[in-house]
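So the structure is just underneath, and the comments pick up after that.
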Amino acid sequence: MTAGPVVGEVLGTFDTTIPADFTARLTTILTDDAAAAESSTVLPGAFVFFSFLPDMRWMERTGVAFERSLATRRQLQVHAQIRPGDRLAGRSVITEVTQDRHGRPRCSVTIGTEYHREGALVLEESVTYLNLEGEQP
C-alpha cells in the first residue's frame, strides 16, 4: 500500500477568466429584461474546483475515483458576486483526511478551494469525498 492523502498538499492552482456563456451552459434564465439577464451573476453552486484545475491528477493524489467515491458534503462561503468575464485565481488543497476507525479500507478526504478576484477572496469551497473501497494512493 502506498501513502495516503496528505493534509496541506496543494492539488493544483488556476488563473482563468469565467467565460461569458458560463451561466448559459448551466442555467436557463427566463426574463423579459435583457439587461437583467446580461448582468446576472454566476451562481456559486456552478463552481466545482476540479473544473478549474489543469488536469485530473488530483484524483490519484486523494484516492478519489468517481466509480467508488461519494461526495458527502459540499460547503460554499460566498464573499462577493462573481460575474462572467471575471478573472479568478485560486488553489485547491487537501484540508482533512479521516481514516475509517473500524478497519474497513476507506477514508474521507476534504478539499478546500479559495477563489480570488484581483487579490480579494470571493468564494470558498469545501468538498468532502468518502472513498468507499480499495487501496488508497
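Here, residue 1 is the first one in the sequence, and each next residue gets the next number. Note that the coordinates shown come from a computational prediction; the quantities given were computed from them, not determined experimentally.
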Discussion item. Side chain to side chain contact (heavy atoms under 4.5 Å, CB included), that's the test. Do Leu88 and Ile18 meet it? Break it down for me.
Written reply: CA-CA 7 Å; Leu88 300 180; Ile18 304 303; 3.6 Å; yes
Discussion item. Before you tell me yes or no, could you show the steps for Asn131 and Val64 under side chain to side chain contact (heavy atoms under 4.5 Å, CB included), namely the whole-Å CA-CA distance, both residues' side-chain angles and the distance that decides it to 0.1 Å?
Written reply: CA-CA 6 Å; Asn131 296 327; Val64 172; 3.6 Å; yes
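Ser92 places a side-chain heavy atom less than 4.5 Å from the side chain of Leu53.
When atom types are taken as modelled, the side chain of Asp15 and the backbone of Arg87 share no donor-acceptor pair closer than 3.5 angstrom. Formation of a donor-acceptor pair under 3.5 Å by the Ser51 side chain with backbone atoms of Val48 is found in this model.
Residues Arg91 and Thr13 bring no donor and acceptor atom of their side chains to less than 3.5 Å of each other. Glu114 and His116 form a side-chain donor-acceptor contact under 3.5 Å, judged by distance and modelled atom types alone.
Leu70 and Val127 are not part of a single hydrophobic cluster, where members link through side-chain heavy atoms under 4.5 Å apart.
Annotation: the span from Thr72 atom OG1 to Tyr129 atom OH amounts to 10.0 Å, rounded to 0.5 Å. Note that the CD1 atom of Ile94 and the CG atom of Leu11 stand 4.5 Å from one another [nearest 0.5 Å].
Listed by chain and number, the residues in a salt bridge (charged side-chain N to carboxylate O under 4.0 Å, His left out) with Glu9 are Arg61 (sequence neighbours excluded). Taking Tyr115 as the reference, Phe14, Phe47, Phe52 meet the ring pair (Phe, Tyr, Trp, His ring centres under 6.0 Å) condition, with sequence neighbours excluded.
Counted within 6.0 Å of CZ on Arg57, heavy atoms from surrounding residues, nucleotides or ligands total 12 or fewer; the atom is thus considered open.
Listed here is the closest heavy atom pair of Arg117 and Ile82: NH1-CA, 3.9 Å.
Summarising the hydrophobic clusters (Ile, Leu, Val, Met, Phe, Trp, Tyr; side-chain heavy atoms under 4.5 Å, direct or chained), the residues clustered with Val10 are Val93.
Classification of the Phe49-Trp58 ring pair by plane angle, with boundaries at 30° and 60°, yields perpendicular.
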